Amino acid sequence: MGHLSDRLAAVRERALHAYSLRAGTGNGLRIVCVTKGRSLASVEEVVQAGALEIGENYLQEALKKGVFRLRDQYGILVRFIGRIQSNKLSRVMREFDALDSLEERLLSELAPATLSGEVRIKEFLLEINAGGEQQKGGITLERVRELFAGRKQPLPSFVSGFMAVVPLEATMGERTALYESVYEVFREVQERDASPAFTILSMGTSDDYELAITCGANMVRVGTALFGPR
Ligand SMILES: *Cc1c(COP(=O)(O)O)cnc(C)c1O
């Protein structure tokens, strides 16, 4: 597959090309390198090649591997993108720079008053389970609409955006429809709440990041396209 730095350059080029085709581009495109199951050496290699953000799914793995040392050395952002267990929450809040997999139940728990000085996380994204899959985390689009679109309540102001996941088996046509729906709700929330901090739309992985960008993503999460199959 060639060098990791070449693959990162290729992903970046394709992603930026897709981003440039969109009307009204936003704050710039961000690429998150997903490093679950990868060695520290691979993570360091991609960081040295210029990656600015990495995503980890498990607290224990991230600690054991030592990605936080890399963060301190290179100034990258380490994002938590996995299923969050209640008993690990406070540690996740202290170690990571961003939490992209926020669940509905945490919205009230994490209200600003309960956020102590121990919190390192700067960006919280609400995870959207776009396909409504039972076994996956995240809030459905129907539920987001029900809770926040009807102007019943604004989305808490500490939420900076959405991270959407789609079914693995979904076709490109189905993904297009799902990503477009997520973008629509994202825009609704942006317009209604007019929160200047609500700007991030993370959607698209190795299989479909160009498509997701075309549908409105400004953050993508890429693992296998960089590191090979897991
Ligand atoms: C593993 C993972 C990815 C990366 O998927 P690839 O197909 O390897 O690019 C993206 N997002 C989440 C939430 C993941 O768990």
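In each ligand, atom 1 is the first atom listed, and ligand 1 is the first ligand listed. These numbers come from a predicted model, not from an experiment.
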Pair Thr35, Glu56 - check side chain to side chain donor-acceptor pair (under 3.5 Å), show working. CA-CA 6 Å; Thr35 51; Glu56 287 280 343; 2.7 Å; yes
Carboxylate-amine/guanidinium proximity below 4.0 Å for Arg143 and Glu146: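 A salt bridge is present here (some side-chain N lies under 4.0 Å from a carboxylate O).
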Quick test of your reading of the model: are Arg145 and Glu184 salt-bridged, counting only N-O distances below 4.0 Å?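 Salt bridge flag = yes for Glu184 with Arg145.
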From the options Arg79, Lys122, Arg71, select the one residue that forms a salt bridge (Lys or Arg N to Asp or Glu O under 4.0 Å) with Asp97.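 For Asp97, the salt bridge (Lys or Arg N to Asp or Glu O under 4.0 Å) test succeeds with only one of Arg79, Lys122, Arg71, which is Arg71.
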Which residue, Ile54, Ile31, Thr205, forms the side chain to side chain contact (heavy atoms under 4.5 Å, CB included) with Arg221?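 Single pass found, and it is Thr205.
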Give a yes or no on whether the backbone of Leu168 and the side-chain of Arg175 come within a donor-acceptor separation of less than 3.5 Å.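 Present.
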Present, as a list of atom pairs with distances to 0.1 Å, all nitrogen or oxygen contacts under 3.5 Å between ligand 1 and the protein.
from, atom 1, to, atom 2, distance (Å)
ligand 1, 8 (O), Thr224, N, 2.9
ligand 1, 8 (O), Thr224, OG1, 3.4
ligand 1, 8 (O), Arg230, NH1, 3.0
ligand 1, 8 (O), Arg230, NH2, 3.3
ligand 1, 9 (O), Ser206, N, 3.0
ligand 1, 9 (O), Ser206, OG, 2.5
ligand 1, 9 (O), Gly223, N, 2.8
ligand 1, 11 (N), Arg221, NE, 2.8
ligand 1, 15 (O), Lys36, NZ, 2.7
ligand 1, 15 (O), Asn57, ND2, 2.8

